[in-house]
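Structure first, then comments.
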Amino acid sequence: MIVEVREVVVIHELCRACGLCEKECPTDAIEVEDSAKIDEKDCVRCGLCVEVCPFDAILLGRATCELPKGSHRIEVLTKRPEVSVRISESKCVGCQACSSSCPVEALSGVKGSPPKLDVDRCVGCLECVRICPSRAIEPVGDSGDENA
């Protein structure tokens, strides 16, 4: 069977429950027991799970794949959280810890200056918020900020 993928899909027949995706996920959205299970609310579609899966059991984005004969257990996640971040230039110390920690390289800059955010690349994983030592980065969007 040929399936067109537009979001995140776990092909359970290919998953060997190795746990690499679970370890790599920056938002702890993956739990592995018999197979990988991705929590739709926490998944930010950063793609790290796809990169580390040695069995090609996780697909992200737009792709076409042929499922093994008899496959019927696939999991499709379609809702992407609408979360981004706001950087307070007055609080930022320019350390670039956020740029170094961003799994999708949505932040860039030079030491001593606030980072620049590429909103098209940002997937809302909030790793930059967690790592920022000066608390200069705040989540906006589904995180509860009504001014997003």
Side-chain angles (χ1 to χ4, degrees), residues 1-87 92-111 114-145 148:
M1 169 186 357
I2 305 242
V3 174
E4 185 176 347
V5 178
R6 292 180 189 237
E7 285 292 333
V8 178
V9 172
V10 176
I11 304 170
H12 296 285
E13 285 80 8
L14 297 179
C15 180
R16 299 294 176 256
C18 67
L20 289 174
C21 58
E22 183 177 29
K23 290 176 190 159
E24 201 63 35
C25 181
T27 61
D28 296 323
I30 302 174
E31 183 178 303
V32 177
E33 290 174 13
D34 297 336
S35 179
K37 292 179 182 39
I38 303 175
D39 185 329
E40 179 178 332
K41 296 182 303 286
D42 293 333
C43 177
V44 294
R45 286 39 170 196
C46 68
L48 291 175
C49 57
V50 176
E51 290 178 25
V52 300
C53 180
F55 306 105
D56 296 324
I58 304 174
L59 303 173
L60 171 68
R62 188 182 175 108
T64 302
C65 69
E66 187 168 352
L67 297 179
K69 193 170 191 156
S71 290
H72 60 280
R73 285 185 61 221
I74 63 172
E75 178 180 327
V76 181
L77 305 180
T78 56
K79 184 180 176 216
R80 179 177 171 193
E82 294 299 323
V83 177
S84 189
V85 296
R86 176 177 28 230
I87 303 166
C92 180
V93 296
C95 68
Q96 299 299 320
C98 56
S99 298
S100 301
S101 70
C102 181
V104 294
E105 299 176 348
L107 292 160
S108 61
V110 294
K111 283 199 184 249
K116 300 292 182 220
L117 173 67
D118 183 340
V119 293
D120 293 327
R121 292 186 72 116
C122 179
V123 295
C125 71
L126 304 181
E127 181 60 25
C128 57
V129 173
R130 285 185 281 278
I131 201 86
C132 181
S134 63
R135 296 193 172 130
I137 305 175
E138 299 176 343
V140 293
D142 283 352
S143 62
D145 187 331

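In this text, all values refer to a predicted model and were calculated from it rather than measured experimentally.
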Find out whether C98 and P115 are in side-chain contact, i.e. whether some heavy atom of one side chain is under 4.5 Å from a heavy atom of the other. yes

Show your working on side chain to side chain contact (heavy atoms under 4.5 Å, CB included) between S35 and E33 and close with a plain yes or no. CA-CA 5 Å; S35 179; E33 290 174 13; over 6 Å; no

Taking side chain to side chain contact (heavy atoms under 4.5 Å, CB included) as the definition, give me every residue that meets it alongside V93, ordered by chain and number, with sequence neighbours left out. C95, S134

Could you grab the distance from atom NZ of K41 to atom CG of D39, nearest 0.5 Å is fine? 4.0 Å

Kindly indicate, with the supporting measurements, whether the criterion side chain to side chain contact (heavy atoms under 4.5 Å, CB included) is fulfilled by L59 and V50. CA-CA 6 Å; L59 303 173; V50 176; 5.9 Å; no

Nearest atoms (heavy-atom pairs only) where A29 meets C25: N-SG, 3.2 Å

Say whether, by atom type as modelled, one donor and one acceptor occur between the side chain of R135 and the main chain of P133 under 3.5 angstrom. no

Between the CG atom in L126 and the CD atom in E138, the distance rounded to the nearest 0.5 Å is 11.5 Å

Between A36 and C15 the two heavy atoms that sit nearest each other are N-SG, 3.3 Å

The side chain to side chain contact (heavy atoms under 4.5 Å, CB included) partners of R16 (sequence neighbours excluded) come to F55

Which pairs pass side-chain hydrogen bond (donor to acceptor under 3.5 Å, both in side chains) with one or both residues in residues 92-108, sequence neighbours excluded? Q96-S99

Go through the structure and list residues passing side chain to side chain contact (heavy atoms under 4.5 Å, CB included) with L117, not counting sequence neighbours. S84, V85, I87, A106, L107, V119, C122

Pairwise side-chain contact, H12 with V10, heavy-atom cut-off 4.5 Å (strictly under): yes

Taking atom CD of E24 and atom SG of C46, what is their separation to the nearest 0.5 Å? 8.5 Å

Between D28 and I30, does a side chain to side chain contact (heavy atoms under 4.5 Å, CB included) hold up when you go through it step by step? CA-CA 6 Å; D28 296 323; I30 302 174; over 6 Å; no

Taken in chain and number order and not counting sequence neighbours, the residues that satisfy side chain to side chain contact (heavy atoms under 4.5 Å, CB included) with E51 are L48

Partner residues of E22 under the salt bridge (charged side-chain N to carboxylate O under 4.0 Å, His left out) criterion, sequence neighbours left out: none

